[in-house]
Amino acid sequence: MSFVDYSDADAWLSYLAQVDRTTPFLGSLVRWVETLKRPKRAVVVDVPIQRDDGTIDHFEGYRVHHNTSRGPAKGGIRFHQDATLSEVMALAAWMTIKNAVVGLPYGGGKGAVRVDPAKLSRTELERLTRRYTIEIANIIGPDRDIPAPDVNTNAQVMAWMMDAYALTKGQVVSGVVTGKPIELGGSLGRKDATGEGVYIAAREITARLGQGLDNQKIAIQGFGNVGSAAARSFAQAGARIVAVQDIDGALFCEDGLDVELLSRHKANSGSILGSGTGTEITREQFWLADIDILVPAAIEGQITANIARTIEAKLVVEGANGPTTPEADAILTERGVTVVPDVLANAGGVIVSYFEWVQDHSSYFWREAEVRHKLGQMLTDACDAVWRAHLEHGVTLRDAAYILGCRRVLEAREQRGLYL
Ligand code: GLU
């Protein structure tokens, strides 16, 4: 395996193509657009760990600061066996746009370790996390770059990161990561924030389309932290979660799956199968199900052109980052399917990360109702701004979000100027 793998740069190339689509709308800011087309800083690190049997293994780690024009870099860390530098570059760039679209005082960053965490014991995972943190310690920090959970990472991983960072500084620095356990300065409402945000974005956009969510048939791909929390919020609002797909299979129930039961079963067994709710269907049947709304909440590139041609949904709400390929995106637009883009639909997580960082800075913690209220406000305002740009320019919601986001980043770039 090469040290830096560019063989699969699909995500980065699709990001670049998306930026190109905004250039006609940038006016004089177009002079700065190259800023968005390269990461500010990209670090590749070796992460060696001792396995429980005494042998030594090496893993590749990455941390990318795509842009810091509007503030410190901000974005998650994922543990995934297929992670590559170019993928992390795309994920970091999407954070730049996302943070700007919802108005957070951050740039964009992302990190990954190329590892399948399911193949590590808990102690190996802890050693990996700590070693990776030490390797990137000189580029992260509460005013520099603030990691958070992403695919296959969680509050426990953030606790280890915070502790490893504190050991390098000789003091506790709770604002260096977000998505921490509550006892360590985490925020109430952070865990479910991405999923809740998916629901809020869906609610706001359907309302502007003159529709509601009551009794809508919803399919969710990926039943991890984002998918399961989104399912709960949709079900509470009266929608029916008729289909769910996860790593080990798919389920269907015309009257709506028992989402609480399914969440508990997944938390206890690690699988969506065998809970007693719904009947098992194939992956093909999942994509062809009779639904109104599709929520991809897994990883990139899942909605391909073939799937886009045949899905029944009239609305796609992107809980995952980059789930729709550019080809599929064009087909969905042509078919009249509305896509609520990832940089808006899944911004609830980073919004509450921001609230956590603010609370850590002031060491004053808010009640959950306050967190949720502020999340709703911020995301609703962002939906409103994206919707208005969509009407004003006659473009898709994705293009509208990118026009807003790119403009904000480039305005900051222009105001700061270049050191000669
Ligand atoms: N990983 C999440 C995302 O992709 C959250 C990032 C954060 O909270 O910084 O938006």
Side-chain angles (χ1 to χ4, degrees), residues 11 15 62-68 70-80 83 87-113 136 140-155 157-158 161-162 174-181 185-187 189-198 200-201 222 224-227 229-230 296-300 317-323 340-360 371 374-375 378-379 382 401 405:
Y15 162 74
Y62 319 96
R63 185 72 188 169
V64 173
H65 295 175
H66 172 260
N67 189 277
T68 55
R70 291 170 46 82
K74 178 95 191 78
I77 303 271
R78 65 172 59 180
F79 291 162
H80 200 276
E87 181 200 27
V88 178
M89 281 159 54
L91 290 162
W94 289 332
M95 289 308 302
T96 300
I97 305 297
K98 190 187 303 183
N99 292 333
V101 168
V102 296
L104 301 180
Y106 293 136
K110 203 84 169 198
V113 179
I136 62 165
I140 63 172
D143 301 312
R144 210 175 263 172
D145 171 17
I146 308 109
D150 196 76
V151 175
N152 293 334
T153 55
N154 56 20
V157 171
M158 293 305 114
M161 288 192 74
M162 174 194 157
S174 46
V176 64
V177 288
T178 58
K180 299 180 292 292
S187 176
R190 174 62 185 85
K191 192 172 178 301
D192 290 344
T194 311
E196 191 178 335
V198 169
I200 294 169
N225 186 44
V226 178
I299 53 170
E300 303 96 79
V317 190
E318 295 184 333
N321 290 310
V340 188
D342 47 7
V343 292
L344 181 65
N346 71 33
V350 73
I351 290 174
V352 178
S353 275
Y354 166 61
F355 297 157
E356 178 173 333
W357 182 77
V358 168
Q359 292 171 79
D360 288 339
V371 173
K374 286 190 159 76
L375 166 63
M378 210 169 211
L379 208 45

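Both counts, for ligands and for their atoms, begin at 1 and track the order of listing.
Near ligand 1, Lys74, Gly75, Gly76, Met95, Lys98, Lys110, Ala148, Pro149, Asp150, Arg190, Asn321, Gly349, Val350, Ser353 each place a heavy atom less than 4.0 angstrom from the ligand.
For Asp192 (side chain) and Ala229 (main-chain N/O), no donor-acceptor pair under 3.5 Å exists by modelled atom type. For the pair Asn225 (side chain) and Lys191 (backbone), a donor-acceptor distance under 3.5 Å is present.
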Handout entry: Residues Lys74, Asp145; criterion salt bridge (charged side-chain N to carboxylate O under 4.0 Å, His left out); working and verdict
Key = CA-CA 5 Å; Lys74 178 95 191 78; Asp145 171 17; over 6 Å; no
Exercise for the section: Run the numbers on Val176 and Met161 for side chain to side chain contact (heavy atoms under 4.5 Å, CB included), then give the verdict. Expected result: CA-CA 9 Å; Val176 64; Met161 288 192 74; over 6 Å; no
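Side-chain N/O atoms of Lys98 and Asn321 include a donor and acceptor closer than 3.5 Å.
Partners of Ala382 by side chain to side chain contact (heavy atoms under 4.5 Å, CB included), not counting sequence neighbours, listed by chain and number: Val102, Leu344.
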